[in-house]
Each structure stands twice: as structure tokens, then as C-alpha cells.
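The structure appears right after this line, and notes come after that.
Each ligand, and each atom within it, is numbered from 1 in the order the structure gives. Only heavy atoms go into these numbers, but all of them, side chains included; no hydrogens, no water, no symmetry mates. Since this is a predicted model, take the numbers as computed values, not measurements.
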Amino acid sequence: MKQGKQAQGFANRLTEYGDRDFALFLRRSFARSMGFSEEALDKPIVGILNTYSQLNNCHRGFPELVEAVKRGVWQAGGLPLEFPTISLGEVFLHPTSMMIRNLMSMDVEVMLRAQPLDAVVLMGGCDKTLPALLMGAASAGIPAIAVAAGPMLTGNYKGDRLGACTDCRRYWAQFRRGEIDQVSLDEIEGQLAPTSGTCAVMGTASTMACLTEALGMMLPGGAAIPAVYADRLRHAEESGKQAVELIHMHRTPDQIMTEHAFENALTVLQAIGGSTNGIIHLAAIAGRLGIRLDLRKLDALSETTPVLLDLKPTGDFYMEDFFRAGGMRVILHELKALLHLDVMTVAGKTLAQLLDVPYDWPSWQNVIRRTKDPLQSKGGLIVLTGNLAPDGAILKRSTATPSLLNVRGRAVVFKSLQDLATRIDSPDLDIQPDDILVLQNAGPIGAPGMPEAGYLPIPKKLSGVKDMVRISDARMSGTAFGTIVLHISPEAAVGGPLSLVHDGDMIELNVERRQLNLMVHTGELEDRKARQAAKPEPPVRGYERLYWHSIQQAHLGADFDFLRHAKLQNL
Ligand code: FES
């Protein structure tokens with residue numbers, strides 16, 4: 001692109017020298033040093049935001065996937081230029097990847113705004129990466145299309161199929177109960193994650209891939225293709241081509257991720273038995289676009305949306321089975337009557353147009369159910385309120401024990417993660433199977449970073465007990481299961497009612513009435529509040545200080561207040 005034409009490619013977002021022609025001359029000189037011809041330098045530029053890292057096993061296949069994206073961009077007449085951003089490997093980060101999600105989103109937004117890009121391909125997968133990429137791209141406002149890493153294949157241990165990481169938790173619980181020994185555990189460790197790709201079940205990574213497709217930000221079918229299949233490379237190539245089309249269509253993320261698109265994503269989240277983390281991430285992405293995600297809407301959808309997918313941790317199968325059964329295309333066809341079909345997608349077609357193709361129900365498979373014969377008649381995720389969670393809390397009904405959904409129990413309180421680690425297996429712990437385990441100070445500020453600690457282990461003292469009601473302001477891995485109340489808002493560390501719970505208090509969980517209540521007299525709670533210790537001082541410097549001052553509560557997506565859309569700044 002030469003001077004004088006509409007800014008595109010290297011003429012876009014010039015470095016400020018006070019002389020635009022000089023800035024372009026200098027930029028092209030340096031770009032030519034990379035060996036590109038003049039013809040190549042005149043093409044529109046598609047950035048490929050690569051989150052490959054050797055500290056992120058889930059993204060191990062990205063070098064090959066990036067090459068496939070590049071092929072597509074070249075074929076469509078664009079210039080593909082790859083660049084890195086922060087990568088978040090879920091199990092390699094301290095204290096938790098959630099603490100760094102917003103930083104990654106800032107890096108994405110700032111670099112998309114700073115560089116001469118006409119469109120971008122967002123390459124993510126492991127839990128927080130797709131959310132951070134979508135948050136950043138939503139704020140940057142340039143045409144964007146997502147390509148996910150794709151799920152791992154399953155492993156095998158003595159004939160038992162293994163998939164990270166629901167089966168990691170299942171075997172770990174067996175090890176804690178003394179049902180398997182260290183030798184068996186070591187063998188299992190080598191089989192749980194046998195290929196590159198994201199966790200093999202409907203954990204947070206697979207949930208976010210499905211939601212990205214449901215939002216319209218990924219080409220159809222992209223969510224479920226296993227990481228190591230050739231189909232994924234073909235999908236990546238197609239996505240590269242489509243990125244160039246998005247430039248011609250001037251199609252920005254705000255035209256795709258509309259309020260209706262988020263409602264579709266909530267419906268899909270219910271139907272796939274998706275991760276509770278999906279709610280936080282959707283709220284954060286929506287917040288970047290000036291849309292406030294309504295938790296009441298999510299709860300209402302739980303009553304009208306059946307669970308269709310028989311995948312762990314809700315059901316029995318794995319992501320590779322979901323792909324073979326037809327993937328998201330089948331889910332969207334089955335949910336057609338419950339979705340807004342007028343929404344636009346990165347494919348350049350509305351959802352109605354995408355679904356207006358000959359479709360035969362894949363009757364040979366049993367992974368995806370029909371709406372008239374669902375796995376569960378009601379959606380997987382519900383929202384609780386009550387005096388313990390004035391701004392809401394989440395329960396994954398689809399993985400809970402039905403007999404524990406309407407109970408009253410005695411609170412056994414752990415004041416922090418450290419307290420939990422120290423006492424949970426103590427022989428002196430005063431605990432009964434029908435007690436309610438309470439974890440405080442594990443929310444966005446409390447831990448900090450809202451770790452996936454809500455899946456409190458069953459105390460060793462209760463050997464044989466498989467599930468208990470557990471409540472906290474923490475999150476839970478999408479691969480976990482049990483009767484677990486999460487994301488209590490406001491959290492204990494900011495003085496939420498959860499901080500007032502004492503050992504021996506009675507707690508009521510009533511899923512029918514959507515209530516979570518502390519059965520303690522108001523006067524006593526006021527006394528406790530008045531006696532509470534002063535809040536700890538904020539960190540003195542660095543990202544931790546920025547985080548402490550800016551992080552919002554779970555029901556708002558745990559985004560930084562200054563990153564939300566201007567329309568929502570004071571809400
Ligand atoms: Fe990366 Fe599960 S650890 S998706």
C-alpha cells in the first residue's frame with residue numbers, strides 16, 4: 001500500500017515521528033529486511049497471535065497449526081505475520097492462571113492496537129487463553145477470528161479410558177481413599193495426557209472453544225476437532241482464508257458478539273453441561289463490549305434448556321467422541337428453536353444461514369442426545385442467591401448429587417487455602433458426612449486470583465464418602481464434579497457474608513428456591529461484622545497492586561474495572 005491510499009497493511013498505525021511519509025518509508029525498509037517482496041508488502045496484513053510456549057503443553061501443536069493458518073492467509077491474498085503474546089498453561093502457573101488472564105487480555109488489546117494489522121487470528125486453547133484473546137480483541141475492535149488448539153485424545157490404563165482431567169481427579173480421590181497405590185498412580189500419571197491439545201473432557205478449555213463457536217467467533221465445527229487430527233489443520237487453513245475475508249467485510253467483533261450472541265452462548269453452555277468458569281469468562285468478554293451478562297437469564301435458561309451432551313464430567317464420553325458424533329453443528333441444530341438465529345458469524349453468514357443446510361440426525365451415535373430425549377431435562381448451571389450470596393453464586397447441578405440439593409447442614413469452616421491444607425485431613429477435624437464444608441478467602445482478592453480450589457477434598461476421616469456440599473468464593477475446574485457452590489459474591493475478603501460464617505452455624509442450600517442462606521440471627525451477624533479484623537494492606541508494588549485495586553467480583557467477570565466498556569464503568 002503506497003502513501004495516499006486508505007491506510008491498510010504497513011501504512012496502518014504508523015510510528016509517530018511527526019512525518020508520516022518518513023514513518024512509512026522507514027517501516028517498509030525494515031519490513032523488506034525480513035525478505036518480503038514489494039508485492040507481499042502491499043497485501044493486507046493478518047496477524048497470527050500465537051500462544052505457543054514450552055510452558056503450555058496444551059499448545060504443543062501450535063507451530064504446525066500456525067503454518068496451516070499462514071497457508072490460508074496467503075491463498076486469500078493476505079500477508080500473514082505471526083507474533084507472540086503471553087501464554088497461560090493452566091497447571092504451570094502460580095498462584096493461578098486466573099490472576100494473569102486480565103494481564104494477557106491487556107497485552108492482546110494493546111498489541112492489536114499498536115501494530116499494523118488489518119485482521120487477526122486468535123490462537124488459544126488452554127483455559128484462560130481463549131477468554132483473554134476474545135477480551136483483548138473485543139476491546140481492540142479489529143476483525144478477528146479464533147482458532148483453538150483442539151482437545152487431546154484419551155489415554156488408557158488397564159483397559160480404562162483416561163482423559164485429563166476428570167479422570168485425574170477420579171484416580172486421585174481413589175489414591176486418597178487408599179484404593180490404589182503409588183505404583184498405579186505413577187502409571188496413570190503417564191497416560192492421562194497422551195497427546196498435545198486441551199483437556200479431553202468438557203472442562204473449561206473445551207467449554208470456551210464451544211462457546212467461542214456459539215458466539216460466532218470461530219468457523220463452524222472448529223471447537224471439537226482433536227488437536228492431532230488433519231481436520232484441525234484444514235480448519236486452521238480455512239480460518240486463515242476467512243481472516244482476509246473479514247477485512248473485506250469490515251467485520252469487527254462487536255458486530256458478532258452481540259447481546260443475542262451472548263444469550264446463545266449461555267444456552268449452549270447449559271446444553272453442553274459446560275464449565276462454571278464459562279460464566280465468568282462470558283461476563284468478562286461481554287463487559288468489554290458494554291453488555292452486562294444477566295445471571296438471572298442464565299438461571300432461567302437452566303429451566304428451559306436440556307443437557308444434550310453425554311460428556312465427562314457430566315456424562316461418560318470424551319471430546320474426540322463429540323467430534324465423531326458431529327460436534328457443535330449437531331448441538332446447534334438440536335437447539336435451533338432456543339437460539340437467536342439472526343446473529344452474524346465470522347463465516348460471513350448468520351446462524352440461520354449456517355444451519356440452513358440439509359441435516360440428518362446422526363442416529364448411529366449416542367454422545368449427543370436429542371432435545372426430546374436429553375441426558376438431563378434441565379440445564380447444568382444454576383444461580384443461587386440468599387443472605388450468603390447477595391450478588392449470586394453458581395452451582396453445577398448436572399454434576400451434583402441429587403440428594404444433596406436441598407439440605408441444611410452444620411458449617412465446618414476453613415479460613416483460607418493454607419488452613420484447608422493444614423486441617424482437612426487432621427484426625428482431630430470435627431466432621432460428619434452431612435456437614436457443609438466452607439472455604440473462605442479464596443475469591444478474586446482473597447487468595448488472590450480466585451483459584452480452582454472450590455473442589456474441596458473430602459476429609460480422609462470420612463473414608464468412603466464420595467460427595468458433600470462444599471461452598472466457597474473460589475472457582476472450580478471444569479473437569480471437576482460434586483455438589484459444589486462456587487463464585488459466592490461478594491467474596492469473604494471484601495467483607496461478604498461468607499466471611500461471617502463460623503464453625504457450627506447452620507447453612508441452608510435449597511436448589512428449588514435457588515437459596516443459599518446462613519441460618520444465623522441478623523443481630524448476631526451484625527455483631528460479627530463489627531468485630532471483624534481490619535482488611536489486609538494491598539501489595540506495595542507491581543502487577544499484584546494493580547490487580548488488588550482493580551479486580552471486580554465474580555458476577556462481573558473478575559475483569560479489571562478500567563478495562564470494562566465505558567458504558568459499564570459505573571455499574
Ligand atoms: Fe490446558 Fe486443561 S490444562 S486445557
| said: Looking only at the side chains, is there a donor atom on one of Asp160 and Tyr171 sitting less than 3.5 Å from an acceptor on the other? | reply: yes
Salt bridge flag under 4.0 Å for residues [X] and [Y]:
X: Glu320; Y: Arg161; result: yes
X: Lys70; Y: Glu67; result: yes
X: Asp167; Y: Lys312; result: yes

Minimum heavy-atom distance between Pro253 and Ile142, given as atom pair plus value: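 For Pro253 versus Ile142, the nearest heavy atoms are CD-O, 3.1 Å.
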| query | Given Glu237 and Arg234, is the salt bridge (charged side-chain N to carboxylate O under 4.0 Å, His left out) satisfied, shown in steps? | reply | CA-CA 5 Å; Glu237 187 175 307; Arg234 285 189 280 271; over 6 Å; no
(message) I'd like to verify the contacts: list protein N, O or S atoms under a distance of 2.8 Å from atom 1 (Fe) of ligand 1.
(response)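 Sorted hits: Cys58 SG, Cys126 SG.
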